[in-house]
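Inspection log for the structure reproduced underneath, given as structure tokens.
Heads up: numbering here begins at 1 and tracks the sequence.
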Amino acid sequence: MPVDHSHHIDDPNRTTPAPRFEVISSVPAPPVPDASEVMTLLVKLPPGSAGNPPHRHTGPAFGYVVQGAMIFELEGEPERVVRAGESFWEPGGDVIHYQDGNNLADVETHFLVTMFCVAGRPMLIPVSADELDERRSRRAPRP
């Protein structure tokens with residue numbers, strides 16, 4: 001059932017143009033860790049950067065590509081390219097984030113991400129080579 005996401009209040013006394021809103025994405029709220037810290041980051045990937053090695057986040061993350069194009073891959077999903085003006089999200093927790101690299105060899109890619117993390121724990125938790133091998137069957141087939 002579609003929901004009308006009205007994001008303004010009618011103002012009969014308005015003398016300037018009303019703000020315009022466009023819903024880029026909407027997902028049901030995933031669980032957020034207790035004692036969370038919320039942070040918003042601007043990530044800048046140099047041309048051709050592979051991004052971070054496989055990792056986890058302690059809570060959900062919501063992002064938007066501002067410039068360029070990012071290769072994005074979560075455990076169980078095929079890799080995909082997220083372009084400027086598009087959004088992405090991940091549930092965090094046990095799900096491995098395999099890729100967040102720049103899909104472009106000649107231009108920086110910038111994305112904003114808001115993360116809900118367990119306070120006092122690292123925002124990125126590396127995944128060992130042994131665990132990657134153990135969970136190989138959970139990764140979507142490679143292109």
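- Taking every heavy atom of both residues into account, Met39 and Cys117 meet most closely at CE-SG, 4.2 Å.
- When all heavy atoms are compared, the tightest approach of Val113 to Phe88 is CG2-CE1, 4.4 Å.
- Note that CD of Gln67 and NZ of Lys44 are 8.5 Å apart. Values are rounded to the nearest 0.5 Å.
- Taking 4.0 Å as the cut-off between side-chain N and carboxylate O, Glu86 and Arg80 do not count as a salt-bridged pair.
- With Phe62 as reference, Val27 is the one residue of Ile24, Thr40, Val27 to meet the side chain to side chain contact (heavy atoms under 4.5 Å, CB included) rule.
- Annotation for Pro19 and Arg14: closest pair CD-NH1, 3.9 Å, computed over non-hydrogen atoms.
- Between the Asn52 side chain and the Asp100 main chain, no donor and acceptor come within less than 3.5 Å of each other.
- Separation of atoms CZ (Phe72) and CD (Glu77) is listed at 7.0 Å; rounding is to 0.5 Å.
- Under the 4.5 Å side-chain contact rule for hydrophobic residues, Met123 and Val38 do not share a cluster.
- In this structure, Thr109 contributes its side chain and Ala69 its backbone to a donor-acceptor pair below 3.5 Å.
- When side chains are defined from C-beta on, Pro30 does not count as touching Phe116, because their heavy atoms never get closer than 4.5 Å.
- Looking at every heavy atom in both residues, His97 comes nearest to Glu73 through CD2-O, 3.5 Å.
- Under the 4.5 Å side-chain heavy-atom criterion for Ile, Leu, Val, Met, Phe, Trp and Tyr, Trp89 and Val82 are members of distinct hydrophobic clusters.
- Clustering ILVMFWY residues whenever any of their side-chain heavy atoms sit less than 4.5 angstrom apart, transitively, puts Leu45 in the very cluster that holds Leu124.
- Connection of Leu41 to Val66 is not established within any shared hydrophobic cluster, with ILVMFWY side chains joined at heavy-atom distances below 4.5 Å, either directly or through further cluster members.
- Put simply, the side chain of Arg138 does not reach to within 4.5 Å of the side chain of Ile96, judged on heavy atoms.
- Residue Glu75 forms a salt bridge (charged side-chain N to carboxylate O under 4.0 Å, His left out) with just one option from Arg136, Arg135, Arg56, and that option is Arg135.
- For the residue pair Glu108 and Pro46, the shortest heavy atom distance occurs at CG-CA, 4.0 Å.
- Between atom CZ of residue Phe111 and atom OG of residue Ser87 there is a gap of 13.0 Å, rounded to the nearest 0.5 Å.
- Heavy atoms from other residues, nucleotides or ligands lying under 6.0 Å from CG of Asp34 number 12 at most.
- In summary, of the residues considered (Pro33, Pro91, Pro31), a side chain to side chain contact (heavy atoms under 4.5 Å, CB included) with Pro60 occurs for Pro33 alone.
- Of the possible donor and acceptor atoms, one in the side chain of Thr58 sits under 3.5 Å from a partner among the backbone N and O of Val118.
- Side-chain atoms of His110 never come within 3.5 Å of backbone atoms of Gly68 as a donor-acceptor pair (strictly under, hydrogens ignored).
- Of the possible polar contacts, none joining the Asn103 side chain to the Ile71 backbone as a donor-acceptor pair under 3.5 Å is found.
- Of all non-hydrogen atoms in Met115 and Ala61, the two that sit nearest each other are CG-CB, 3.9 Å.
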